[in-house]
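Remarks on the structure that follows.
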Amino acid sequence: MFNKRIKIKELLTADKVNFDATVMGWVRTFRNNQFIALNDGSTNNNLQIVTGLGVFDEKILKRLTTGACIKVTGEIIASLGKGQKVELKAATIEILGDSDAEKFPLQPKKHSLEFLREIAHLRFRTNTFSAIFRVRHSLAFAVHKFFNDKGFVYLHTPIITASDAEGAGEMFRVTTLPLDGSALKNEDGSINYKDDFFGRSTNLTVSGQLEGELAAMAFSDIYTFGPTFRAENSNTTRHLAEFWMIEPEVAFNDLEDNMNLAEEFIRYIIKYAMEQNKEDLEFLAQRLTEEENQKPLVERSEMSLLDKLNFVVNNDFERLTYTEAIEILRESNHNKKKKFNYLIDGWGVDLQSEHERYLVEKHFKKPVILTNYPKDIKSFYMRLNDDGKTVAAMDILAPGIGEIVGGSQREERLDKLTQRMSEMHIPEEELNWYLDTRRFGACPHAGFGLGFERLVQFVTGMGNIRDVIPFPRYPKSAEF
RNA sequence: UCCUCCUUAGCUCAGUUGGUUAGAGCAUCUGACUGUUAAUCAGAGGGUCUCCCGUUCAAGUCGGGAAGGGGGAGCCA
């Protein structure tokens, strides 16, 4: 019965006193040789444990260092001090795991996020990161709850794929062939994969969409939620080499249905986290406010984190076409005064980050859904509109993060799809299995991909995506 | 990958026009105090100034290069 303990969250919220309890957790601070702040990860709030003077052996008290793991039994009483309602009057203290105070890197003080990133294996034990990862958990749980409640099938698409025609980015190769140059070669010098594990060239997936579409042609409504890999040499605050993506794919949906689903989905999971993780989000909001106060006035955001989340939950996203967006940007004073690094003058070019930020943060001041992009700047599978020059694509842009969702109505017409593929030099034989969905019982359908970490960034207010995934992978970094 | 800034104690930082023995706060250790809330007070220990090369009588400080990190851009989610 070692594990018969009460979680600290339960003790602090129950408000009950005068009963015996066993708690286990990690020492945050030991103040005044008398007060232990104990945390077990169930909440950001610590339980105050009072040792009393002269009750315990000096040898035990010396081992109550920051980071040590302990088991304490005693009576829960109404706190004699201010700052907490209840506290535990210790009867027994058992050290489960010592923590050498001279070597343990976390101190009862503020640490920089950069430093904590170097000790990612220990940063869970800080207030900020335990709050972030509890919120991340709730958001992940809400993803499944949202789709399950709507009757979607959770589809596990493969991590290892043979397709190299998805066009979503550079891929990591998967192989068991020797790296020393002794691998079998073709006559033209290229690698012969005949002896490789799968007998062909394989990669880590960059998207589960194409496989998701196959299943949507049977279940109607499916979603994927899994790891995704991009070998791009991206060094930014919003890119990872390994990230988690949510990709619903829905038969019989058109572009508007797709936007409605994405909007409802985002609102739902944010609202869920706000209900489940109120204290964590209040803590993160406070952290962000303090951080913002270090910045010059003009750079500070007008709304607090909680106001921003409430605003998103309670207001419709702004929807407009690419063409309308170009018009707004072209007519903006910002453009006329030549404040953009890339001035808007014509139709057809892709929007730069600065343009997206202008639309979202300056012009509309809310999340924006941009639709119907020029076909030449979008993927082959997006449905061609009747104008012959735009496709039924949609991107959702969030304040401070940028693109959080990319989606489209898919091209279900076989002739149009194969024509696009040949224009973009995508070999049909690579995607025969995909084209079969257009050959046998094709139907209008749509879907999108949502970058989970970007959503976690938005909800927690964290500026760097490397701080919202437990063990971030990015160029030159695969520690832990 | 490009632009830009940074790298000094365990952490966060200061360090003047190049000049004796490189400083502070926090943390750690020792002691005092004892209802504290990142406790307080006193004292102590703690440094290959990221690395390599160069300029100079003399380099933490100037120049070149490398590595690592931050911010921005591109690619995207």
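Bear in mind that the values here come from a model prediction, so they are computed numbers and not experimental data. The analysis underlying the following values was restricted to heavy atoms, covering all of them including side chains, and did not include hydrogens, waters or symmetry mates.
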Report yes if a side-chain nitrogen or oxygen of [X] is closer than 4.0 Å to either non-bridging phosphate oxygen (OP1 or OP2) of [N]; otherwise report no.
X	N	value
A:Arg117	B:rG70	yes
A:Arg466	B:rG71	no
A:Thr236	B:rC76	no
A:Asn233	B:rU1	yes
A:Thr29	B:rA39	yes
A:Arg31	B:rA39	yes

A:Glu232 CD - B:rA73 P separation (whole Å):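 Going from CD in A:Glu232 over to P in B:rA73 covers 17 Å.
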Using whole Å, what does the distance between atom P of nucleotide B:rA77 and atom CD of A:Glu242 come to?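 Result: 17 Å.
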Base, sugar-phosphate alone, or nothing: which one does [X] contact when heavy atoms must sit under 4.0 Å apart?
X	answer
A:Leu455	nothing
A:Glu118	nothing
A:Asn235	base
A:Thr228	nothing
A:Glu247	nothing
A:Leu80	base

With respect to the side chain of [X], which nucleotide from [options] is positioned closest?
X	options	answer
A:Met245	B:rG74, B:rA77, B:rG35	B:rA77
A:Phe115	B:rC11, B:rA77, B:rG71	B:rC11
A:Lys476	B:rG71, B:rG68, B:rA39	B:rG68
A:Tyr474	B:rA73, B:rG69, B:rU34	B:rG69

Take atom [atom1] in [N] and the same atom in [M], then report the distance between them in whole Å.
N	M	atom1	answer
B:rC62	B:rG18	C1'	8 Å
B:rU55	B:rC5	P	26 Å
B:rU12	B:rU28	C1'	16 Å
B:rA32	B:rG69	P	46 Å

Return the stems involving RNA chain B, sorted by first number, where pairs are Watson-Crick (N1-N3 with N6-O4 or O6-N4) or G-U wobble (N1-O2 and O6-N3), both under 3.5 Å, and runs are 3 or more long.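 Stems (3+ consecutive pairs) listed as B:1-7 with B:67-73, B:10-13 with B:23-26, B:28-32 with B:40-44, B:50-54 with B:62-66.
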What's the shortest heavy-atom distance between A:Leu359 and A:Ala325, and which atoms?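 Heavy atoms only, the tightest pair is CD1-CB, 3.9 Å.
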With no hydrogens and no angle check, do the side chains of [X] and [Y] hold a donor and an acceptor under 3.5 Å apart?
X	Y	answer
A:Tyr342	A:Glu354	no
A:Glu279	A:Asn45	yes
A:Tyr381	A:Glu213	no
A:Arg238	A:Asn464	no
A:Asn39	A:Asn46	yes

Of the residues in residues 124-131 of chain A, which ones touch RNA chain B at a heavy-atom distance under 4.0 Å?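 Heavy-atom contacts with RNA chain B come from no residue of residues 124-131 of chain A; none.
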Within the stacking criterion (centroid distance below 5.5 Å, interplanar angle below 30°), does A:Phe243 stack on B:rA77?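 It does: the two rings, one from A:Phe243 and one from B:rA77, meet the stacking criterion.
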A:His144: which of A:Phe225, A:Tyr272, A:Phe265, A:Phe152 passes ring pair (Phe, Tyr, Trp, His ring centres under 6.0 Å):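 Going through A:Phe225, A:Tyr272, A:Phe265, A:Phe152 one by one, the ring pair (Phe, Tyr, Trp, His ring centres under 6.0 Å) with A:His144 is satisfied by A:Phe225 alone.
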Six-ring centre of A:Phe129, A:Arg117 cation under 6.0 angstrom, axis tolerance 45°: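 Relative to the ring axis of A:Phe129, which defines the angle, A:Arg117 lies outside at least one limit.
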Under 3.5 Å, is there any donor-acceptor pair linking the side chain of A:Arg230 to the base of B:rA77?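 Looking at the base of B:rA77, it does pair with a donor or acceptor on the side chain of A:Arg230 (distance under 3.5 Å).
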Could a donor-acceptor pair under 3.5 angstrom be found where the side chain of A:Gln84 meets the base of B:rU36?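 Such a pair is found, so the answer is yes.
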If you apply the rule side chain to side chain donor-acceptor pair (under 3.5 Å), what do you find for A:Gln48 with A:Ser79, and how did you get there? CA-CA 9 Å; A:Gln48 171 151 293; A:Ser79 178; 4.6 Å; no
Base, backbone or nothing for each nucleotide of nucleotides 25-30 of chain B, written B, S, -, heavy atoms under 4.0 angstrom, 5' to 3'? BBSSS-
